[in-house]
Amino acid sequence: LIKKGAFWLAYRNSASITVLGTITSMIITTLCAYPLSRRDLPGRGFLMTLIVIQMIFPAGLIPFYLTVRGLGMVDKWSALIIPYCLNTFYMIVLRSYFQSLPRELEESAVIDGANDLQILWRIILPLAVPVIGTLTLFYAVNYWNLFFPAVIFINNGKLMPLQVVLRDLIWSAALTSQTASADQF
């Protein structure tokens, strides 16, 4: 198993997908949660309603596949990263944490002349390190364990993650043992 190049290639693919996906997901989740945590955002309630509705009622597998295929992401890692880069529940957790921080911190930064990105980068994110670390681990585990989307969207053997390659190896070993036991009879 280890001598075959497919194992190490699949391992590298899984590691690359995990790193790229986790970084992308944390950036998108943070940039989505921070504005939604601000009380002065117009339409915040409506936006949160739309987000929660899509979380409760997902689109379905066939429209999802057709959308990914229509965007030309089949047989690319982007099919495993972009559609999964925002977990709604994780965004709500981060938004709730941002809302729990005292508004006085933001107000004092505004008085000192900071804009919204400076407030996020220099004040909010350093205070949110425990939540961001936890969500980063959750995203990393999710991307590492991405199996079903890889089976659906990746057909090229050189792009497959480790989980799909291991499944194929187990199935081929089981099939080999079944044919060997059938030949004995």
Least distance between heavy atoms, Ala140 atom then Thr18 atom: O-CG2, 3.5 Å

Distance-minimising heavy-atom pair for Thr134 and Pro130: OG1-O, 2.9 Å

Close side-chain approach of Leu94 to Met91, heavy-atom, < 4.5 Å: no

With a 3.5 Å cut-off and sequence neighbours excluded, list the donor-acceptor pairs that the side chains of residues 112-120 form with protein atoms.
{"from": "Asn115", "atom 1": "OD1", "to": "Leu117", "atom 2": "N", "distance (Å)": "3.2"}
{"from": "Asn115", "atom 1": "OD1", "to": "Gln118", "atom 2": "N", "distance (Å)": "2.8"}
{"from": "Gln118", "atom 1": "OE1", "to": "Asn115", "atom 2": "N", "distance (Å)": "3.0"}

Point-to-point distance, once rounded to the nearest 0.5 Å, from CE of Met26 to CG of Leu31: 10.0 Å

Minimal non-hydrogen separation, Leu20 against Ile81, with atom names: CB-CD1, 3.8 Å

Ile56 atom CD1, over 12 foreign heavy atoms within 6.0 Å: yes

Only pairs under 3.5 Å count here: list side-chain donor-acceptor contacts from residues 155-168, not counting sequence neighbours, and write none if there are none.
{"from": "Asn156", "atom 1": "OD1", "to": "Lys158", "atom 2": "N", "distance (Å)": "3.1"}
{"from": "Gln163", "atom 1": "OE1", "to": "Ser14", "atom 2": "OG", "distance (Å)": "3.3"}
{"from": "Gln163", "atom 1": "NE2", "to": "Trp144", "atom 2": "O", "distance (Å)": "2.2"}

With Arg69 via salt bridge (Lys or Arg N to Asp or Glu O under 4.0 Å) - residues at least two apart: none

Qualifying residues under side chain to side chain contact (heavy atoms under 4.5 Å, CB included), relative to Pro83, sequence neighbours excluded: Phe64, Val68, Met73

No-hydrogen, no-angle side-chain donor-acceptor test under 3.5 Å, Tyr139 and Thr29: yes

Beyond-backbone contact of Leu41 with Leu47, side-chain heavy atoms, under 4.5 angstrom: yes

Verify same cluster id: Val129, Tyr34 (apolar side-chain graph, 4.5 Å): no

Residues that Tyr65 engages under ring-ring contact (aromatic ring centres under 6.0 Å, His included), provided they are two or more places apart: Phe153

Residues forming a side chain to side chain contact (heavy atoms under 4.5 Å, CB included) with Ile111, sequence neighbours excluded: none

Cluster link Val52 to Phe57, ILVMFWY, side chain under 4.5 Å: yes

Atom pair CD1/CG of Ile152 and Leu61 - distance to nearest 0.5 Å: 4.5 Å

Any Ile23 side-chain heavy atom under 4.5 Å of Val19 side chain: yes

Rounded distance (nearest 0.5 Å) linking atom CG of Asn145 with atom CZ of Phe147: 11.0 Å

Pairs where residues 28-42 contributes a residue and the test salt bridge (Lys or Arg N to Asp or Glu O under 4.0 Å) is met, not counting sequence neighbours: Arg38-Glu106

Hydrophobic cluster identity match, Ile53 and Ile51, side-chain contacts under 4.5 Å: yes

Minimum side-chain heavy-atom gap Leu137-Val141 below 4.5 Å: no

Cys32 to Pro35 - nearest heavy-atom pair and separation: O-CD, 3.5 Å

Residue pairs passing the side chain to side chain donor-acceptor pair (under 3.5 Å) test where at least one lies in residues 84-100, sequence neighbours excluded: Gln54-Thr88, Tyr90-Asn142

Ile82 side chain near Leu71 side chain, heavy-atom distance below 4.5 Å: no

Hphob cluster co-occupancy, Tyr11 + Leu169, side-chain heavy atoms under 4.5 angstrom: yes

Test side chain to side chain contact (heavy atoms under 4.5 Å, CB included) applied to Ser108 - qualifying residues, sequence neighbours left out: none

Transitive ILVMFWY cluster of Phe46, excluding itself - 4.5 Å side-chain cut-off: Leu50

Distance in Å, Ile27 CD1 paired with Thr22 OG1, rounded so as to fall on 0.5 Å steps: 11.0 Å

Verify same cluster id: Leu146, Ile170 (apolar side-chain graph, 4.5 Å): no

Remaining members of hydrophobic cluster (4.5 Å side-chain criterion), Trp171: none

Under the side chain to side chain contact (heavy atoms under 4.5 Å, CB included) test, residues paired with Cys85 that sit two or more places apart: Thr24, Ser25, Ile28, Tyr143

